Amino acid sequence: MINIFGDGPYFIRISELMLEAVLELGCYFFRLLLLAGAALLIRRRLHGRAEQAAALLLVVLQAASVWAVSIRSEFFFSFCLALLLVSQLRILNFLPLRPTDYAFLFAALLFPARLFNSTGAVLGHLWIFWILFCALYLTFRMSLGGLRGNHLTCYLLFVFLALSMYLCELSIPALQPRLEQLTGSSAAGLVCTVAADSVLLAGAAFCVKLRFSGRLEQWNRISRKYQRIEHYFFFLTLFLLLLFSLIYLPFTWMRMQNALVALLIPVLCLLVLAAQLPFLLLLLHVALYRDRDTFRQWEQEGVASYYRELAASVSAMQGIRHDIKNIFFTMGNFVDRSGDKEMKRFFWEKIYPYSEKAILQSELLSKIHQLPTEALRAFFYLKISQAMQQGVSVRLEVSVLPGQFQTGMDVIDLTRILGILLDNSMEEARLIPDGGLEIRVTGNENGCSYIIKNPVTQQTRQNGVHIGKSSKGSGRGNGLRIAKELLEQYPNAALNSILQDGIYIQSLNLSY
């Protein structure tokens, strides 16, 4: 690299150039952290107009510091570029940001390009992607407290704003000379170029909002279900920025930079960033369709089993009438002989257990049938059958209005949550002599509740119930964590648990 500011032209060593680039980036990120600290302080300590005034002061101070080290045209372009990006973010409004968040992002993007001369020589235009990536994700992190459930939105905003930022960087050398000739003034040419960019890119933001606002909410709902896939949005973006930066470095090292390389590599970076979106969305949809297919298969098998057993039970109940008559007729003969021990033994060993079991099954089937949703009927039938096969008695109460009852959430997620709660309750009830489950389903026009009660062991009374911990051995106890992650997707859902007098009560409440 040639130094044109020394006593005479001479080459700067690449190592020195890279060291200067590292120092420039280090100074910027140090300043960025100071701005982030100030923004966090404002967010936590101030509210209302006081917060807005402090946020405005933060912008003014940053603008004054940039003005002091910039020429007017450079400051004007930097100011307008930061204002454009923040305005686009506000137009899209995909995430709920406060005035302090917009002020911080504006201050973070307001910088003179001359402070990155060495960085630009080493990385070309890729350095602006790094600046935007760090500033944007730091803003979202401070505003949302975490990116979980919003990685897809953050990714889309970064790609769109990076494209806008890059187009603005290219438009100055391309359009300004032509507009200067038309206006006859360098300043007027710059103003017209920036104004044209702002109008076009702000209009593009409106179009993107109209086109993708509805779809984005649908994509976010899917991505929140599969958070392991969602993390790829962030890490793939970071990986691609690193990859293209490493691709660009050999051209710098071998002094092979030219206008085509400086233009092509950032364009390829943006294209690959945009191209990864369909693949990640496809991955999310495949995961969703797989779960839905599994659920439909389970539902079909459960419904078929439910109706087979129901038909068999109804048929058996018809035959029970005749059997009961014969049994009671025989019992009557014994009753005639007062104090007959054989009669008592026959009654308690044969008649009573048989009638009790038959009546119980009949009651459970009739109560399950009160559920107006076919999927829930099949689900509860399977779970209650599992409990009875394991020797756990079940008591079911259903109090709903069929015309107003709703599941309250996606039926796949609901059955996953209830399945986890019921499996845990059955595991605990099996350890209690004569332990049983009590299940209650209630609903009205405002919401519904699913209540599960079961006795607990002395060990559970002492240790309590905690997410991620299980007495069933290592590698177990993740069910409640999965249920919690599913519930976090539904603001209308609340799971309340209480351990009272040796009974563990779990209440899943859903509002419509």
Side-chain angles (χ1 to χ4, degrees), residues 23-117 119-120 127-147 150 153-154 157-158 160-162 164-166 168-169 191 194-195 197-198 201-202 205 234:
L23 292 175
E24 289 173 355
L25 291 174
C27 291
Y28 172 78
F29 288 121
F30 177 74
R31 194 180 189 91
L32 183 66
L33 292 177
L34 292 179
L35 290 172
L40 283 174
L41 187 63
I42 293 172
R43 284 175 56 88
R44 294 178 179 178
R45 297 300 179 88
L46 301 176
H47 301 280
R49 292 189 176 181
E51 179 185 357
Q52 296 176 5
L56 180 60
L57 179 61
L58 182 67
V59 171
V60 171
L61 292 176
Q62 176 68 359
S65 65
V66 174
W67 174 269
V69 296
S70 305
I71 59 176
R72 293 183 179 180
S73 61
E74 187 180 46
F75 175 82
F76 174 76
F77 175 73
S78 179
F79 185 90
C80 292
L81 178 60
L83 182 61
L84 171 64
L85 296 176
V86 172
S87 299
Q88 286 182 312
L89 189 63
R90 182 65 184 89
I91 291 170
L92 295 171
N93 198 30
F94 289 158
L95 293 174
L97 301 180
R98 289 165 55 174
T100 303
D101 303 321
Y102 290 111
F104 166 74
L105 183 60
F106 181 88
L109 297 177
L110 183 61
F111 51 82
R114 66 175 56 201
L115 295 183
F116 295 94
N117 286 333
T119 307
W127 69 272
I128 64 175
F129 295 167
W130 281 107
I131 296 298
L132 178 63
F133 177 82
C134 295
L136 197 62
Y137 272 85
L138 186 56
T139 301
F140 296 150
R141 177 75 180 183
M142 291 191 303
S143 176
L144 304 175
L147 300 180
N150 293 290
T153 304
C154 297
L157 290 173
F158 168 71
F160 181 78
L161 295 180
S164 299
M165 199 173 189
Y166 188 53
C168 286
E169 289 284 340
V191 171
V194 172
D197 288 342
S198 300
L201 294 175
F234 175 81

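All values derive from a computational prediction rather than experimental measurement.
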[X] and [Y]: which non-hydrogen atoms are nearest, and at how many Å?
{"X": "P99", "Y": "A55", "value": "O-CB, 4.2 Å"}
{"X": "S143", "Y": "R43", "value": "O-NH2, 3.5 Å"}
{"X": "V86", "Y": "Y102", "value": "CG1-CD2, 3.7 Å"}
{"X": "L201", "Y": "S164", "value": "CD1-O, 3.7 Å"}
{"X": "Q62", "Y": "A107", "value": "NE2-O, 3.2 Å"}
{"X": "L46", "Y": "A54", "value": "CD1-CB, 3.5 Å"}

Are the side chains of [Y] and [X] in contact, using a 4.5 Å heavy-atom criterion?
{"X": "L81", "Y": "M165", "value": "yes"}
{"X": "L32", "Y": "F104", "value": "yes"}
{"X": "Q88", "Y": "L85", "value": "yes"}
{"X": "L83", "Y": "S198", "value": "no"}
{"X": "V66", "Y": "F79", "value": "no"}
{"X": "L57", "Y": "L61", "value": "yes"}
{"X": "R98", "Y": "M142", "value": "no"}
{"X": "L84", "Y": "C168", "value": "yes"}

Let me confirm one number: the [atom1]-[atom2] distance from [X] to [Y], rounded to the nearest 0.5 Å.
{"X": "L89", "Y": "D101", "atom1": "CG", "atom2": "CG", "value": "9.5 Å"}
{"X": "L157", "Y": "T139", "atom1": "CG", "atom2": "OG1", "value": "11.0 Å"}
{"X": "F29", "Y": "L138", "atom1": "CZ", "atom2": "CG", "value": "10.0 Å"}
{"X": "I131", "Y": "L109", "atom1": "CD1", "atom2": "CG", "value": "9.0 Å"}
{"X": "T100", "Y": "R44", "atom1": "OG1", "atom2": "CZ", "value": "12.5 Å"}
{"X": "C80", "Y": "F75", "atom1": "SG", "atom2": "CZ", "value": "9.0 Å"}

Are the side chain of S78 and the backbone N or O of F111 linked by a donor-acceptor pair below 3.5 Å?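 Flag set: sc S78 to bb F111 pair under 3.5 Å.
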
Determine yes or no for a side-chain-to-main-chain donor-acceptor pair under 3.5 angstrom, with Y28 supplying the side chain and A108 the backbone.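 Side chain of Y28 to backbone of A108: a pair is present.
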
Check each of F133, F158, F140 against F234 using the ring-ring contact (aromatic ring centres under 6.0 Å, His included) test, and report the only one that passes.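 The residue from F133, F158, F140 that satisfies ring-ring contact (aromatic ring centres under 6.0 Å, His included) with F234 turns out to be F133.
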
Which word best sums up how the rings of W127 and F116 line up, parallel for under 30°, tilted for 30 to 60°, or perpendicular for over 60°?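 Correct class here is parallel.
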
